[in-house]
Number of protein chains: 2
Amino acid sequence: MDEVDSAIVHHLQLDGRLSNRALAEKLGIAPSTCLERTRLLHRRGIIQGYRAQVSLRALNRPVQAMVATQIRPLRREVVAAFEKSVTQLPEVVSVYTMAGSDDFLVHVTAQDIDHLHAFLLDHFTERREIISFRTSIIYQHLTNPVLGPLPPTADQRT
Amino acid sequence: MDEVDSAIVHHLQLDGRLSNRALAEKLGIAPSTCLERTRLLHRRGIIQGYRAQVSLRALNRPVQAMVATQIRPLRREVVAAFEKSVTQLPEVVSVYTMAGSDDFLVHVTAQDIDHLHAFLLDHFTERREIISFRTSIIYQHLTNPVLGPLPPTADQRT
DNA sequence: GTGATCCGCCGAATTTAATTCGGCGCGTTC
DNA sequence: GAACGCGCCGAATTAAATTCGGCGGATCAC
């Protein structure tokens, strides 16, 4: 993980479809070298994959909410089962498993408020292990375009 | 936005580097057609871009936290300035602007607990407009691999 | 009902990119 | 100081992206 690898990662975070040639040129290395480097980054699990970013509005899912959830008992199987099943619901964007008074934050999307309500009634009110949940509407979700050229100290190494 | 477009979006969400040919084959259409469709999805803003997904661990950022933040006054300029500056910090993954008692949830990453603490002291304790913040460690962050083949009702239309 | 028009899809041709692979240079080892 | 290993390079090959002319099928006017 030298600075060339960091640069590859960084550029691909900004544009996941950057061509290998263009990337090589930006870095001043040969395309074949760049390709091999990038392959290794995949193999090592540093680059985990690529995703298209899609407008939730265009997908007819303009309403977003965060659902702070508590479950009991907090046993390993119960936690894992909750995470797994919830992550797979199409309305769920992501699940944060947390320390603190809330066990999870579940980021959900819906067509409108009615569908959000219906979703919660169907999938949260129903579940036995959920002992409480609080829903907060998300007005806006901004994402860091870069995820950092790594903070100055955190660089170097393997 | 017919079912072919939906399928394109869906496949590219799963694998943002799927080749145009492979995609066309999956859908049973000609590559040239597929290319034109995909271009239109970009032009219409439905596909907003592509990103490599990178292991935070590999980037030496294994610690994650959610910072529930309140600012005052809740004036448009103050809110916008907070969102903008915070989003650009390299430790910040994303910012949720919320309804409810917390104004924002800020998802941050750090090398370790010490760096997290330093980050908060430097960027949260300092700021005048921040009247309170609560930090919760994130044990795990799971993401829906698909973001849904759209819930049955939410489909069709432009 | 019929003809003109428009739109999207197709496939061949061309341009561009990905991938492979043999060889070279440098740093390390013994 | 010679042998080895590793990573980089660039030419050659394979595959993909892109362009573009033409072919329906649907729509609309008359």
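Each chain gets a letter, A, B and so on, in the order the sequences are listed, and its residues count up from 1. Below, all heavy atoms of this structure are taken into account, side chains as well, without hydrogens, waters or symmetry copies. In this text the structure is predicted, and so the values were computed from the model without any measurement.
The base of dA15(D) does not come close enough to the side chain of R21(B) for any donor and acceptor atom to sit less than 3.5 Å apart.
In this structure, the CG atom of L40(A) is 14 Å from the P atom of dT19(C), given to the nearest Å. Following rounding to the nearest Å, L23(B) (CG) and dT18(D) (C1') show an atom-to-atom distance of 15 Å. Rounding to whole angstrom units, CG of residue L18(A) and P of dA17(D) are separated by 15 Å. Rounded to an integer number of Å, the gap from N20(B) CG to dA15(D) P is 17 Å. Atom P of nucleotide dA16(D) and atom CG of L35(A) are separated by 14 Å, given to the nearest angstrom.
When the options F133(A), Y96(A), F82(A) are evaluated for a ring pair (Phe, Tyr, Trp, His ring centres under 6.0 Å) with F104(A), the one that passes is F82(A).
Expressed to the nearest 0.5 Å, how far CG of L40(B) lies from CG of D5(B) amounts to 8.0 Å. Taking NE2 of H117(A) as the start and CG of D122(A) as the end, the distance is 10.0 Å to the nearest 0.5 Å.
Between L27(A) and H11(A), the closest side-chain pair of non-hydrogen atoms falls below 4.5 Å.
Neither side chain, T143(B) nor R51(A), offers a donor N or O lying under 3.5 Å from an acceptor on the other. Donor-acceptor pairing under 3.5 Å is recorded for the side chains of Q70(A) and S132(A).
Contact between the side-chain N/O atoms of R39(A) and the OP1/OP2 oxygens of dT20(C) is found at a separation under 4.0 Å.
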Protein-nucleotides 6-10 of chain C N/O pairs closer than 3.5 Å?
| from | atom 1 | to | atom 2 | distance (Å) |
| --- | --- | --- | --- | --- |
| dC9(C) | OP1 | R37(B) | NE | 3.2 |
| dC9(C) | OP1 | R37(B) | NH2 | 2.5 |
| dC10(C) | OP2 | A30(B) | N | 3.0 |
| dC10(C) | OP2 | T33(B) | OG1 | 2.8 |

